[in-house]
Amino acid sequence: MEKSLAKYIWSNTRLEQIWILTVVAASMVPYFLSFDLPKQIVNGPIQGKGFEGEGATQSFVHIAYDIPFVGHVEVFKGFKLDRFEMLIALSLVFLALVVLNGLFKLYINTYKGRLGERMLRRIRFQLIDRVLRFPPSHFKRVKAAEIATMIKDEVEPLGGFTGDAFVQPALLGGQALTSLIFIIMQNFWLGMIAAGIVAIQAVVIPRMRKRLLELGRQRQLTARELSGRVGEIVDGIGAIHGNDTSNFERADIAARLGLIFSIRYDLYQWKFLVKFINNFLAQVTPFLFYSIGGFLALQGRLDIGQLVAVINAYKDLPGPLKELIDWDQSRQDVQVKYNQVVEQFSVDRLLDPRIQVMDAKPAARLSEALVAHNLTISDDSGARVLDHISLEIHPGETVAIVGESGSGGEYLADAFGRLVWPDSGKVTVDGNDLLELPESVTGRRIAYAGSETYFFHGTLRDNILYGLKHAPLTTVTYEGEAALRNKWAVTEAKRAGNPSLSLDSDWVDYAAAGATGPDDLYSVIRPVLDSVLMSQDILDMALRSTVDTERHKDLTERIVELRHALIDRLKEQDLDGLVVPFEFSAFNTQATVGENLLFGTLKRPLMTNRKLASHPYFIKLFQESGLNSELYEMGIEIAENTVELFNDLPPDHPFFQQLTFMTADDIPDYQALLQKLSGRNFDSATPEERAAMIRLSFSYIEPRHRFGLLTRELMDKIVEARTEFHKHIPDDLNAVIERYDPERFTASATLMDNVLFGRIAHQQADAPEQIHVIMRDLFDRLGLQDSVLSIGLDFDVGSGGKRLTNVQRQKLNLARALLKRADYMIFNRPLVALDHRIQDQIVRTVLKDIENSDHKPAIIWVLSNVSLAEQFQRVLVFQGGTLAESGTTSDLLEHNGMFKELLSL
């Protein structure tokens, strides 16, 4: 990277800087005229100089020049104006100059701002570009939070300085010099006084500010370290809780904050001392002007107009001068920041940009062997983990790598996947060094999946298709205002040195996955998910999700058909009692009291339970039906039973999972509330106490909780209240409550609730599992499996995929690698979170599916379960970083060596 910030800015904004400097030079003309005009107004119309005679006039806008060898040339005679008219005319000219100077400032500042933001965008992109080209080993030595802080915050001042780098000294220096020259033209001695003060400020203040720069650098470093430490706390929160080190972390953070406070306090003290001295010097000069200038005016050596003009000119001198000194400090400050950025991002063995050049064309298949030549790899401590390994992996070959953890096989897999770089030796394909091949080849024709997984924030679909997003394969056509916005965005991207690629384009390489387009993509994804046993997880996610009715019309429009098909299937299998359907005239015993009362779903976040409970219509209905007191009494009994049964149980007891109305943390609160309400009826309880008890009754399900609290009379009363509720429901509530309708899809309910249109019977053993099996079969039979899969793939995986279990993350990671249909598939213990039985099933299924497909890749699998090695054509046995044995399983067993020993463990 360029070491000098000024050179970096000039090389990237040369033409823009020249243009704005030209504008700055032009702005000096009206700026100078605005100083001279007050003198003309005071001496001329106000004091009457040139208007001594009665009816005297002067020429306004008289343009004439004395040209050498030509003589006096008069361009325009001007207008003859009397004293009052001249006063008005000069005042209007002064106003025009004020407006013109303001317009110049507006244009210059706007242009500078745009230039700075463009440069900020450029440098941030270039830094991220360099991060993408860091060698893999470098990421072990840096903290993600520190890198993010540098790119986000620490380069922010560089953008602001870009517009000021050349314009600010030219503009401010020009203004200060113009003011100074004007003062000297009016009176030499006053000019010398101003020049002397300026010289002192220009020498003393920058020297004092060197201390500020050092303190600023220390503040920046400590703040960056704090950001990295906070990132470590977030990532290692499990270790902190598991080892009771939260107070140690608090002490560490407190010490860091104390150091930052100390630095910032010193910074403020020194900063305001510098400001005090600077302001004092700025205010001394007006004192000298008033005293000395007034003395000269009294002696007649300086007229009043000149004194007013000098004071007016000096009024504009401290501002530009102070800003010029501030600019110099900012220049030094951002140069320090820039040097630190350059230092952090100047990394050895940076990837050549040509390796990551985008290529939209399909990558040619790797038809030659993957060869390791005398490969040696060391870990970060310098210990050799792979020692002079030479071997070949042929196209279409299946190879198992076995050995104890750390024996070296996993490092060989990492080298094949380009995740580690060898100390010596190399990996080649067809004679080409793997590290020198473009990523458009290795990233498409080599797939890698390890035990460590990472998924970007987004949906399951985004992450499983991530390995297919190499280049935009379609061109987006914009119309109207969108076309103008896109044209502007593309232009600005090019000016900032950013690529003008559009995320609105379709980046998915369908052909690489074996599909022809988005229409048959799910037919390719589904078998892969089946292979890694992820399909059931996706189905469960889909069933628990709400459905976008516009995107999935094929499913929502057939919801009635699905409901009838489910009822028919249950009857066929004699499982009628597995689901209790919703009926408007009947109480659903498997649903909560609240669900029965509402007979519908709330459109969240427009309406919540709390908002509904406080709605006047709802309150009135409760009072008129008498349900408020009955449900209150019911809540009292629920609280008493729950406290009695669960009070002595630990908070993590599994019984608490069966409670829908109370958590372990609520037990003490309700215990205290029951004591408070002892001997008091509904009328004597406060509204908050009533609400707390009624809330318990809303979540009660008789067959599940079995407290015997729901009588037939109470259930009938709830059904009657429901009828009354929907009969006179006001428009505002009707708009946010979706009533259950057997002939319509309920958009605010989950897919499961829509298909069931009822509730699963809690007393039936394995009822949810049976329903899931039946639903999956129905979706397949009715041709809706793609829609259901699409709904499940809309699931948001969260930051880093943390909303998925570790097992799900490893399955998804393997599925993403399989979907690429690469020529070499490298699996480095990808399923260690799964038990051996499931690993065995997945490995066998994946190998069988690949064998039966038209795509025959080479598979290199580092196994956790040695017994699976028999499924592979060749086995490589590693021990202590060396290749101990190689051959088929039968040959290795006959050899009676290391492989047989591992198999017996």
Side-chain angles (χ1 to χ4, degrees), residues 358-363 365 440 443-445 447 455-479 482-483 486 499-532 534-535 537-543 545-559 562 745 747 751 776 779-797 801 804 811-822 849 853-855:
M358 187 179 69
D359 188 355
K361 301 187 298 294
R365 294 199 61 176
S440 59
R444 304 181 195 189
R445 307 318 308 170
F455 298 100
F456 295 98
H457 196 288
T459 65
L460 277 168
R461 180 186 293 99
D462 296 332
N463 281 283
I464 198 172
L465 298 179
Y466 188 75
L468 302 174
K469 297 179 179 181
H470 314 299
L473 301 179
T474 60
T475 302
V476 181
T477 302
Y478 299 95
E479 296 181 357
N486 180 66
S500 56
L501 303 172
S502 174
L503 280 176
D504 294 332
S505 303
D506 193 346
W507 287 67
V508 179
D509 188 353
Y510 300 102
T516 59
D519 294 335
D520 63 342
L521 179 62
Y522 294 120
S523 64
V524 173
I525 295 177
R526 201 181 317 112
V528 173
L529 294 175
D530 288 341
S531 295
V532 299
M534 187 74 178
S535 297
D537 298 87
I538 303 295
L539 174 63
D540 292 344
M541 293 173 188
L543 291 174
S545 301
T546 55
V547 181
D548 187 332
T549 55
E550 291 298 320
R551 285 182 54 198
H552 301 288
K553 285 185 177 180
D554 57 332
L555 188 148
T556 58
E557 291 176 353
R558 299 179 64 184
I559 192 64
L562 264 170
F745 187 88
L751 177 60
R776 183 170 186 176
F779 292 141
D780 289 343
R781 188 165 59 83
L782 297 177
L784 295 172
Q785 60 270 50
D786 285 354
S787 290
V788 177
L789 177 60
S790 177
I791 294 168
L793 291 176
D794 284 335
F795 180 77
D796 188 341
V797 301
L804 301 176
K811 287 180 178 180
L812 187 63
N813 195 39
L814 180 59
R816 179 165 64 184
L818 290 169
L819 195 62
K820 289 170 64 173
R821 289 165 50 92
D849 289 347
S853 69
D854 57 352
H855 181 65

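Because only heavy atoms are used, hydrogens play no part in the values below, and waters and symmetry mates are left out as well, while side chains stay in.
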Trainee: Can you see which heavy atom on Ala471 is nearest to which on Ala360, and at what distance?
Mentor: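 The answer is CB-CA, 3.8 Å.
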Trainee: Sequence neighbours left out, what passes side chain to side chain donor-acceptor pair (under 3.5 Å) with Arg365? Give chain and number order.
Mentor: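 In terms of side chain to side chain donor-acceptor pair (under 3.5 Å), with neighbours along the sequence ignored, Arg365 is linked to Asp823.
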Trainee: Considering all heavy atoms of both residues, which atom of Val528 and which atom of Ala815 are nearest to each other, and what is their separation?
Mentor: CG1-O, 3.5 Å
Trainee: For the side chain of Asp520 and the backbone of Thr516, is there at least one donor-acceptor N/O pair under 3.5 Å apart?
Mentor: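 Indeed, once roles are kept as given, a pair shorter than 3.5 Å links the two residues.
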Trainee: Would you call Asp462 and Arg816 a salt bridge, using N to O less than 4.0 angstrom?
Mentor: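 Not counted as a salt bridge, because no side-chain N and carboxylate O are separated by less than 4.0 Å.
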Trainee: For Glu550, give me all partners under salt bridge (Lys or Arg N to Asp or Glu O under 4.0 Å), at least two apart in sequence or on another chain.
Mentor: Lys553
Trainee: Using atom types as modelled and distance alone, determine if a side-chain donor or acceptor of Trp507 lies under 3.5 Å from a backbone N or O of Thr474.
Mentor: no
Trainee: Under the rule for side chain to side chain donor-acceptor pair (under 3.5 Å), what residues qualify as partners of Ser790, not counting sequence neighbours?
Mentor: Arg461, Tyr522
Trainee: Only counting residues at least two apart or in another chain, list the ones meeting side chain to side chain donor-acceptor pair (under 3.5 Å) with Asp554.
Mentor: Ser787
Trainee: What are the two closest non-hydrogen atoms of Gly792 and Leu460, and how far apart are they?
Mentor: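 Shortest heavy-atom separation between Gly792 and Leu460 comes out as O-CD1, 3.5 Å.
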Trainee: Any chance you could measure Arg776, atom CZ, to Ile538, atom CD1, to the nearest 0.5 Å?
Mentor: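 Between atom CZ of Arg776 and atom CD1 of Ile538 there are 10.5 Å.
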Trainee: Got a sec, which residues hit side chain to side chain contact (heavy atoms under 4.5 Å, CB included) with Ala511, two or more places apart in sequence or on another chain?
Mentor: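 Scan of Ala511 (side chain to side chain contact (heavy atoms under 4.5 Å, CB included), adjacent residues dropped) gives Asp509.
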Trainee: Name all residues meeting the ring pair (Phe, Tyr, Trp, His ring centres under 6.0 Å) criterion together with Phe456; count only those two or more places apart in sequence or in a different chain, and write none if there are none.
Mentor: Tyr454, Tyr466
Trainee: Hey, what do you get for OG (Ser440) to CZ (Arg445), rounding to the nearest 0.5 Å?
Mentor: 11.5 Å
Trainee: What residues form a side chain to side chain donor-acceptor pair (under 3.5 Å) with Thr556, not counting sequence neighbours?
Mentor: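 Once residues adjacent in sequence are excluded, Thr556 has no partner under the side chain to side chain donor-acceptor pair (under 3.5 Å) criterion.
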Trainee: For His457, give me all partners under side chain to side chain contact (heavy atoms under 4.5 Å, CB included), at least two apart in sequence or on another chain.
Mentor: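 His457 satisfies side chain to side chain contact (heavy atoms under 4.5 Å, CB included) with Asp796, Ser799 once adjacent residues are dropped.
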Trainee: Is there side-chain contact between Phe779 and Leu539, with at least one heavy-atom pair below 4.5 Å?
Mentor: yes
Trainee: Find the distance between CG (Asn813) and CG (Leu804) and round it off to the nearest 0.5 Å.
Mentor: 11.0 Å
Trainee: Taking side chain to side chain contact (heavy atoms under 4.5 Å, CB included) as the test, write out the residues that go with Ala817, two or more places apart.
Mentor: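 Ala817 satisfies side chain to side chain contact (heavy atoms under 4.5 Å, CB included) with Ala447, Ala449, Phe827 once adjacent residues are dropped.
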Trainee: With rounding to the nearest 0.5 angstrom, report the CG to CG distance, Leu555 to Leu562.
Mentor: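 One finds 6.0 Å between CG of Leu555 and CG of Leu562.
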Trainee: Would you name the heavy atoms of Leu782 and Arg558 that are closest together and state the gap between them?
Mentor: O-NH1, 3.0 Å
Trainee: Could you state the interatomic distance from CG (Leu812) to CG (Leu529), rounded to the nearest 0.5 Å?
Mentor: 8.0 Å
Trainee: Side-chain contact test, heavy atoms from C-beta onward, threshold under 4.5 Å: evaluate it for Leu789 versus Leu793 and give yes or no.
Mentor: yes
Trainee: Under the rule for salt bridge (Lys or Arg N to Asp or Glu O under 4.0 Å), what residues qualify as partners of Asp548, not counting sequence neighbours?
Mentor: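 With neighbours one apart ignored, the set is empty.
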Trainee: Any idea which heavy atoms bring Pro472 and Met358 closest together, and the distance?
Mentor: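 Result for this residue pair: CD-SD, 3.6 Å.
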Trainee: Rounded to the nearest 0.5 Å, how far apart are NZ of Lys820 and CG of Leu465?
Mentor: 13.0 Å
Trainee: Check salt bridge (Lys or Arg N to Asp or Glu O under 4.0 Å) between Asp854 and all other residues, then give those that pass, not counting sequence neighbours.
Mentor: Arg821
Trainee: Under the side-chain contact (heavy atoms from CB on, under 4.5 Å) test against His552, which residue among Leu751, Leu784, Ile791 passes?
Mentor: Ile791
Trainee: Just jot down the side chain to side chain contact (heavy atoms under 4.5 Å, CB included) partners of Ala747, sequence neighbours excluded, or say none.
Mentor: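 Checked Ala747 against side chain to side chain contact (heavy atoms under 4.5 Å, CB included); matches are Thr549, Glu738.
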Trainee: Can you check side-chain hydrogen bond (donor to acceptor under 3.5 Å, both in side chains) on Asp794 and Thr459, steps first, answer last?
Mentor: CA-CA 5 Å; Asp794 284 335; Thr459 65; 5.3 Å; no
Trainee: Check whether any side-chain heavy atom of Tyr478 lies under 4.5 Å from a side-chain heavy atom of Asp504, and answer yes or no.
Mentor: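 SC-SC contact between Tyr478 and Asp504 confirmed.
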Trainee: Looking only at non-hydrogen atoms, find the nearest pair between His470 and Gly443 and report the distance.
Mentor: CE1-O, 4.1 Å
